[in-house]
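Letters go in sequence order (proteins before strands), and every chain restarts at 1. Note that these values count all heavy atoms, side chains included, but never hydrogens, waters or copies made by symmetry.
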Amino acid sequence: MGPEFTERVLDLVDSIPRGRVLSFGMIAEVLQEGGPRQVGRVMALEGGAVAWWRVVRADGSLPSSLMVGAQEHYAIEGTPMRGNGWAVDMTRARWLLED
DNA sequence: CTCTTGACGCCGG
DNA sequence: TCCGGCGCCAAGA
């Protein structure tokens, strides 16, 4: 994978509005390139350069280690969360498919 | 060349 | 709701 894919992923993540999110799989789908795992690799390596908390798993969760820090951003951005507060409410926060 | 490893996703039990 | 299994695919060892 060239630096090109990495840049496309980071650019798309940069365009996600405050309070909204995209899943790893959705990003791969929008870019029509790679797959969820490739997007995951990019985020693991260079995600620190962008709003990484706006990229979550398909079910709205993130690894526990990242959830701790991510929650602060969700609170600030007013990101809709599911009951327990440990996962984003995808039906309301998913970008490009709902209001 | 063959495992093994992931910031993954989907389905079945 | 909570596993476990399988598909996926690039990178490392």
Side-chain angles (χ1 to χ4, degrees):
Chain A
M1 311 194 35
E4 207 247 46
F5 179 67
T6 298
E7 198 172 325
R8 294 225 290 153
V9 170
L10 298 181
D11 282 349
L12 179 55
V13 173
D14 255 344
S15 67
I16 303 175
R18 281 171 54 90
R20 309 306 295 278
V21 302
L22 281 185
S23 72
F24 294 89
M26 291 169 115
I27 290 176
E29 200 177 322
V30 171
L31 297 181
Q32 285 292 296
E33 185 180 351
R37 315 201 69 131
Q38 280 66 284
V39 174
R41 187 186 340 282
V42 171
M43 292 307 287
L45 299 177
E46 314 192 39
V50 294
W52 55 267
W53 60 91
R54 294 179 191 156
V55 183
V56 302
R57 289 190 191 130
D59 67 356
S61 69
L62 273 182
S64 55
S65 55
L66 294 178
M67 279 309 300
V68 183
Q71 283 194 329
E72 309 212 356
H73 289 288
Y74 295 149
I76 295 173
E77 301 186 358
T79 307
M81 304 299 287
R82 292 200 299 203
N84 51 39
W86 288 88
V88 173
D89 182 340
M90 294 307 279
T91 69
R92 293 191 290 167
R94 126 199 289 180
W95 187 41
L96 304 176
L97 292 179
E98 302 285 327
D99 63 25

Stepwise side-chain contact (heavy atoms from CB on, under 4.5 Å) check, Leu31(A) with Phe5(A): CA-CA 9 Å; Leu31(A) 297 181; Phe5(A) 179 67; 4.2 Å; yes
The side-chain contact (heavy atoms from CB on, under 4.5 Å) partner of Leu22(A) among Leu12(A), Val39(A), Val55(A) is Leu12(A)
>> Does the plane of the ring in His73(A) sit parallel, tilted or perpendicular to the ring in Trp53(A)? Use 30° and 60° as the thresholds.
In response: parallel
Reading nucleotides 7-13 of chain B from 5' to 3' and marking B where a protein heavy atom lies under 4.0 Å of the base, S where only the sugar-phosphate is that close, and - otherwise, the string is BBSS---
* Check step by step if salt bridge (Lys or Arg N to Asp or Glu O under 4.0 Å) holds for Asp89(A) and Arg92(A). => CA-CA 6 Å; Asp89(A) 182 340; Arg92(A) 293 191 290 167; 3.0 Å; yes
Residues pairing under salt bridge (Lys or Arg N to Asp or Glu O under 4.0 Å) where one sits in residues 50-68 of chain A, two or more places apart or in two chains, turn out to be Arg54(A)-Glu77(A)
